[in-house]
Protein chains: 2
Amino acid sequence: MDLRRLRYFVAVAEARSVGKAAERLRMAQPPLSVQIRKLEAEIGAPLFRRGTRGMDLTEAGQALLARASEALALAADGAEAARAVASGRRGRLSVGYMFVLANAVLPRLIPELRRSVPGVDLDFAELSASTREARLLDRSVTVALCMPAIHHPEIQVARIGAQPLMLVMPIRSPLARLNTVPMARLQGRPLIALPPPDQDPASSAVAALLRRHQIVMPIASRVETVHSAMSLVLAGEGLAIVPACAKLGAPRGIVFRPLRDAADSIDIAVCWRRDSQSPLIRTFLKCAEKIVARL
Amino acid sequence: MDLRRLRYFVAVAEARSVGKAAERLRMAQPPLSVQIRKLEAEIGAPLFRRGTRGMDLTEAGQALLARASEALALAADGAEAARAVASGRRGRLSVGYMFVLANAVLPRLIPELRRSVPGVDLDFAELSASTREARLLDRSVTVALCMPAIHHPEIQVARIGAQPLMLVMPIRSPLARLNTVPMARLQGRPLIALPPPDQDPASSAVAALLRRHQIVMPIASRVETVHSAMSLVLAGEGLAIVPACAKLGAPRGIVFRPLRDAADSIDIAVCWRRDSQSPLIRTFLKCAEKIVARL
DNA sequence: CCATTGGCATACCGAAAACGTATGGGTTGG
DNA sequence: CCAACCCATACGTTTTCGGTATGCCAATGG
């Protein structure tokens with residue numbers, strides 16, 4: 001069963017004539033006649049009644065016509081859908097994000113995205129620091145909005161911004177009276193730590209900052225998210241050093257202070273599998289850059 | 001866009017491997033690989049991600065897969081539907097009948113038909129004597145249960161029975177006291193006439209009967225149906241000569257009497273266009289023969 | 001580190017299918 | 001009775017398809 005034959009069949013059925021249909025199909029009449037007869041042989045029944053003034057569908061032909069034109073439309077639609085997905089006009093984009101960025105970025109990013117790619121199914125998923133690589137690698141998210149960036153040979157990273165590190169403490173803390181906190185004042189105080197990227201404690205921006213200033217802060221707890229860290233800080237478990245944008249989601253009773261002599265920051269990055277060639281990734285990147293630039 | 005290519009595409013997508021799919025399709029791997037690449041060229045986008053352990057659909061490929069398998073199913077279903085219609089397992093049969101036969105035949109014929117061809121859409125339409133040929137010729141009915149038969153070069157006729165002619169009169173008529181009525185008693189009485197077949201007044205069985213016995217009955221009225229005739233008879237407008245089976249639909253106050261020395265009858269026939277090759281016609285014929293034989 | 005294996009891609013050739021041109025046959029209408 | 005119209009058939013040419021042989025690449029294992 002060949003789709004061309006069905007196309008020919010539909011043309012002849014609509015034109016009610018082999019000659020007219022051949023003209024419309026830009027081909028000669030005899031081969032079209034042959035194809036129709038071959039189709040009839042394949043089906044095993046006459047599809048047309050041959051009259052002296054053209055041809056007319058039999059009942060069997062009518063039964064075929066309905067499904068044949070549907071099948072043709074479906075095949076054409078399938079090709080068009082594949083092209084649309086390949087070009088980024090349609091499809092699905094699964095966006096992963098880390099919760100630190102949710103409050104600062106998502107409320108403006110999501111509407112912007114929907115406006116940019118109206119035909120695309122968008123899908124958002126929070127990523128935990130410990131599973132974000134895996135989610136990208138197994139394609140359960142197509143693109144991830146990360147902070148800090150991921151380092152992995154299969155993953156492509158585009159840095160789109162950065163946030164300065166700030167000290168986070170309860171409002172009752174004596175340090176809260178300072179406008180900026182000197183690094184030396186952190187010496188020996190308990191720290192609520194976040195998971196370092198790359199499973200390597202030394203790779204964290206906070207660790208680097210402390211190391212450079214030769215400050216030692218004992219780790220009171222390790223938590224998964226900046227928000228958990230802030231909760232523990234509020235509970236008096238210690239201090240935390242987090243990106244400035246976390247302020248938007250901070251609970252009452254928490255204050256943010258810049259660290260004197262510390263211009264350190266954490267990158268905001270868009271990350272995706274190197275072999276994901278979806279054009280939606282570029283679109284996402286542009287939107288994210290635009291929104292993050294305004295922070 | 002070729003249906004074979006889509007079939008190949010679906011096979012490869014399901015097997016997630018060109019080699020495995022080729023095996024299942026009973027062909028060599030290289031030509032299949034070529035066909036897949038041709039399909040990708042036709043679409044203008046990669047449909048598979050080639051890995052070292054086989055192939056995997058891209059998003060564009062997934063978009064195509066859904067519609068491609070639907071299109072394949074539809075094409076197969078179309079062929080099957082056409083075969084089913086051609087063989088009489090499915091389809092539509094539009095049955096025309098003349099009202100004289102409705103009461104005697106339809107109540108038993110319709111259930112019998114539905115049992116014989118359960119997949120077929122049946123459709124019944126009353127035919128008037130004056131338009132029955134036209135309804136067959138323009139195919140608005142496929143087959144007609146007629147009385148009397150139609151004569152037309154394009155129409156095939158199968159005689160399946162006959163009904164004797166009987167005299168119809170009001171119960172109060174003096175003739176009603178006779179068990180059989182001699183032909184001579186009809187001389188000069190007004191007749192409620194029915195339309196002759198073939199638009200020719202001489203072609204009617206009643207006309208032939210009267211002519212043979214040299215009886216003249218003035219025509220009081222011409223009506224379309226036997227039932228109209230019986231109504232007029234009841235109203236005292238005249239007598240009518242009708243087939244015996246009309247008795248089943250006769251109004252109260254009407255009596256039927258055989259005519260002495262007159263074995264004349266009217267044929268019951270199944271009629272259809274010579275060029276209608278639907279096998280349902282044969283089935284219908286068998287059912288109708290069986291039911292009419294029991295009259 | 002090299003050999004082997006598994007999988008897809010490419011090249012080439014023979015076979016099958018489709019298309020075009022030429023032509024025949026049947027019916028309609030003047 | 002001839003011309004016009006339409007579908008069917010025949011035949012040669014061209015395109016396309018499938019099979020075999022082979023190459024390339026990556027992963028695996030000794």
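A, B, ... follow the sequence lines: proteins, then strands. Residue 1 opens every chain. For the numbers below, each heavy atom of this structure counts, side chains included, while hydrogens, waters and symmetry mates do not.
- Sorted by first and then second residue, the salt bridge (charged side-chain N to carboxylate O under 4.0 Å, His left out) pairs involving residues 84-97 of chain A (not counting sequence neighbours) are E80(A)-R89(A), R92(A)-D121(A), R92(A)-D123(A).
- Side-chain N or O atoms of R132(B) include none that pairs as donor or acceptor with a backbone N or O of C146(B) at under 3.5 Å.
- Between R26(A) and R53(B), the residue anchored closer to the 5' end of DNA chain C is R53(B), taking for each the nucleotide with the nearest heavy atom.
- Protein atom CZ of R49(A) is 17 Å distant from nucleotide atom C1' of dC7(D), rounded to whole Å.
- Looking at E40(B), R7(B), R5(B) one by one, the single match for side-chain hydrogen bond (donor to acceptor under 3.5 Å, both in side chains) with Q35(B) turns out to be R5(B).
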Would you list the atom pairs, donor with acceptor, under 3.5 Å between side chains in residues 18-32 of chain B and any protein atom, with sequence neighbours excluded?
none

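- Between the CG atom of D2(A) and the P atom of dT16(D) there is a distance of 13 Å, given to the nearest Å.
- Residues passing the salt bridge (Lys or Arg N to Asp or Glu O under 4.0 Å) test with R135(A): none are found, sequence neighbours excluded.
- Note on D56(A) versus R16(A): salt bridge recorded, some NZ/NE/NH1/NH2 to OD/OE distance being below 4.0 Å.
- Residues E70(B) and E70(A) fail the side-chain proximity criterion, which asks for heavy atoms closer than 4.5 Å.
- A sub-4.0 Å separation between OP1 or OP2 of dC17(D) and a side-chain N or O of R5(B) is present.
- Proximity of residues 6-19 of chain A to DNA chain D (heavy atom under 4.0 angstrom from any strand atom) is restricted to S17(A), V18(A), G19(A).
- For the residue pair S130(B)/S128(B), the side-chain donor-acceptor check at 3.5 Å is satisfied.
- Atom-to-atom, CD of E23(A) to P of dC5(D) comes out at 13 Å; the value is rounded to the nearest Å.
- More than 12 heavy atoms of other residues, nucleotides or ligands lie within 6.0 Å of CZ in R50(B), so this atom counts as buried by the packing criterion.
- Looking at E42(A), its side chain does come within 3.5 Å of a backbone N or O of M1(A) through a donor-acceptor pair.
- Of the residues in residues 27-37 of chain B, those with a non-hydrogen atom less than 4.0 angstrom from any atom of DNA chain D are M27(B), A28(B), P30(B), P31(B), Q35(B).
- A salt bridge between R273(A) and D138(A) is absent, with no side-chain N of the basic residue lying under 4.0 Å from a carboxylate O of the acidic one.
- Counting any heavy atom pair closer than 4.0 Å across all strands shown, G51(B) reaches no nucleic acid atom.
- The span of DNA chain C lying next to chain A, judged by atoms under 4.0 Å from heavy atoms, is bounded 5' to 3' by dA18(C) to dT28(C).
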